[in-house]
Amino acid sequence: MAAFIYGMIIMGTHGTIWHHRYCTHGAYTFRNKFWRFVTQNLTINVIPEEIYVISHHVHHSKSDQPGDPYNAQAGFLYCFLADVNHQPIAKDLNAGDYNRVKLLMQHTGVIANTFSQYQKWGSYVNPGRAVMSWLLNWSFWYLVFYLIGGHALACSLFGAAGFWAIGVRTFNYEGHAKGKDKQHAGTDYNHKDKSINQLWPGFVAGEWHNNHHLYPKSARSGFKPYQMDLAWCYIRLMSWLGAVSHYHDAKKQFYESYYLPYKQAKKLPGLY
């Protein structure tokens, strides 16, 4: 049960909070670097920020089109192997393009290579710094889990984190309906791509994907009452504590621009 909760809910929700809504879309702002560091390391680190962030910007600009690194129409393996085939930043960027990458990443707090270091390593972050960061993160969490439940708990939760890291590769394939048209009226309002809202990713990670594609910079994507959004709960809590200084919530715009017009057209009962 502990492995299930950690792998499915805690890791999934943290991925939405950190990699998705903050690092990629800047949907909220931390008051200081301390709270950013705490949020970054709330769980075992398994996905480098540069792998996720840059490719995800491309995903939104070319969603379900050629060049989309998660294009579900290209098949399951295309999406599943995206982290090695399509997501890493190009290794032959010129200085100007590399600077654009740095601008997309600078708010994350991940220290960038200089252009000459990038040319040597082919990555945004220095490999030595990345390895040291992960060693410290993994050592901290293994010690915490060991003190709580010994090697058995620590190994179980690290295994759960690894399971999530593999399973999350399938999300965009499923979240874009395996490349098919499976959107439902009254549930999916963004028709510019094949994204759909799904109950399981929504409940365990706050990932209501069609809503997210409507308002990618929103700190909340669970707009309707039944759309539980644990990632949004964390952001709101951090705001209440003063750790988050600003966030964007698109719920009002969603109701005014999409749900209420749909309800009036179909004469549906209110669902507030």
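Below, each value reflects all heavy atoms present in this structure, side chains not excepted, and no hydrogens, waters or symmetry copies. Treat the numbers as computed from the prediction; the structure is a model and nothing was measured.
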Practice task
Have a look at Asp64 and tell me which of His176, Lys192, Lys194 forms a side chain to side chain donor-acceptor pair (under 3.5 Å) with it.
Solution key: His176

Fill in the blank from the handout: Tightest non-hydrogen contact, residues Leu135 and Ser139, listed as O-OG, 2.7 Å

Exercise for the section: Taking all non-hydrogen atoms of both residues into account, name the closest pair between Cys79 and Ala72 and its distance. Expected result: SG-CA, 3.8 Å

Problem - Any donor-acceptor N/O pair, Glu50 side chain to Val125 backbone, under 3.5 Å - result: yes

Problem - Asn99 CG to Leu104 CG distance, which is reported to the nearest 0.5 Å - result: 10.0 Å

Problem - Note, Tyr124 side chain near Val53 side chain (heavy atom, < 4.5 Å) - result: no

Practice task
Could you tell me how the ring of His19 sits relative to the ring of His14: parallel (under 30°), tilted (30 to 60°) or perpendicular (over 60°)?
Solution key: perpendicular

Handout entry: Any Asn197 side-chain heavy atom under 4.5 Å of Gln183 side chain
Key = no

Practice task
Measure the shortest side-chain to side-chain distance between Trp35 and Val244 over non-hydrogen atoms and say whether it is less than 4.5 angstrom.
Solution key: no

Handout entry: Thr114 backbone acceptor or donor facing Gln117 side chain under 3.5 Å
Key = yes

Practice task
Just do the side chain to side chain donor-acceptor pair (under 3.5 Å) check on Tyr78 and Gln73 with the steps written out, would you?
Solution key: CA-CA 9 Å; Tyr78 181 92; Gln73 296 175 94; over 6 Å; no

Handout entry: Min side-chain heavy-atom separation Asp188-Ser195 under 4.5 Å
Key = no

Handout entry: From Cys23 atom SG to His57 atom NE2, the distance as rounded to the nearest 0.5 Å
Key = 9.5 Å

Handout entry: Identified side chain to side chain donor-acceptor pair (under 3.5 Å) counterpart of Glu207 within the set Gln198, His212, His20
Key = His20

Problem - Gap separating the CZ atom of Arg220 from the OH atom of Tyr28, nearest 0.5 angstrom - result: 15.0 Å

Handout entry: Ion pair check, Arg21 and Asp229, cut-off under 4.0 Å
Key = yes

Practice task
Determine, using the 4.5 Å side-chain heavy-atom cutoff (strictly less than), whether Phe34 and Ile17 are members of one ILVMFWY cluster.
Solution key: yes

Problem - Residue Phe163 excluded, over 12 heavy atoms near CZ under 6.0 Å - result: no

Practice task
Establish whether Leu42 and Ile235 are linked, either directly or via other cluster members, by ILVMFWY side-chain heavy-atom contacts under 4.5 Å.
Solution key: yes

Practice task
Verify the cluster assignment for Leu93 and Ile54: are they in a single hydrophobic cluster under the rule of side-chain heavy atoms below 4.5 Å apart?
Solution key: yes

Handout entry: Nearest-0.5 Å distance that lies between atom OG in Ser133 and atom CG in Asn45
Key = 6.0 Å

Fill in the blank from the handout: Residues Trp232 and Ala219: closest non-hydrogen pair is CE3-O, 3.4 Å

Practice task
Please round to the nearest 0.5 Å and tell me the distance separating atom OH of Tyr98 and atom OG of Ser116.
Solution key: 9.0 Å

Just distance, no hydrogens or angles: give the donor-acceptor pairs under 3.5 Å from side chains in residues 143-154, sequence neighbours left out.
| unit_1 | atom_1 | unit_2 | atom_2 | d |
| --- | --- | --- | --- | --- |
| His151 | ND1 | Tyr142 | OH | 2.7 |

Handout entry: Exam field: side chain Ser61 to backbone Val58, donor-acceptor pair closer than 3.5 Å
Key = yes

Handout entry: Donor-acceptor pair between Arg236 and Tyr247 side chains, under 3.5 angstrom
Key = yes

Handout entry: Straight-line distance of Tyr215 OH to His248 NE2, nearest 0.5 Å
Key = 8.0 Å

Handout entry: Between Thr39 and Tyr234: side-chain donor-acceptor atoms closer than 3.5 Å
Key = yes

Exercise for the section: For the residue pair Ile47 and Trp164, establish whether any side-chain heavy-atom pair is separated by less than 4.5 Å. Expected result: yes

Exercise for the section: Over all heavy atoms of both residues, which pair between Leu199 and Tyr226 is shortest? Give the atoms and the distance, please. Expected result: CD2-CE1, 4.1 Å

Handout entry: 4.5 Å side-chain heavy-atom contact, Lys224 and Trp208
Key = no

Handout entry: Contact summary for Glu49 and Trp18, nearest pair of heavy atoms
Key = OE2-NE1, 3.0 Å

Practice task
Anything under 30° is parallel, anything over 60° is perpendicular, the rest tilted; go ahead and classify Tyr189 against Phe254.
Solution key: perpendicular

Practice task
Taking the side chain as every heavy atom from C-beta outward, state whether Val46 and Met11 have any pair of such atoms under 4.5 Å apart.
Solution key: yes

Exercise for the section: Tell me, yes or no, whether the heavy-atom count around Phe37 atom CZ, taken from other residues, nucleotides or ligands under 6.0 Å, exceeds 12. Expected result: no

Handout entry: Closest non-hydrogen atom pair between Ala205 and Ala231, with its separation
Key = O-CB, 4.2 Å

Practice task
Following the transitive rule for hydrophobic clusters with a side-chain heavy-atom cut-off under 4.5 Å over Ile, Leu, Val, Met, Phe, Trp and Tyr, establish whether Trp138 and Leu136 coincide in one cluster.
Solution key: no

Exercise for the section: Please state whether the rings of His56 and His25 are parallel, tilted or perpendicular, taking 30° and 60° as the class boundaries. Expected result: perpendicular

Handout entry: Heavy-atom side-chain contact between Ile44 and Tyr6 under 4.5 Å
Key = yes

Practice task
Find out if a path of hydrophobic residues (ILVMFWY) with successive side-chain heavy-atom gaps under 4.5 Å connects Trp200 to Ile9.
Solution key: yes

Exercise for the section: Determine whether the side chains of Tyr70 and Ser55 contain a donor N or O and an acceptor N or O closer than 3.5 Å. Expected result: yes

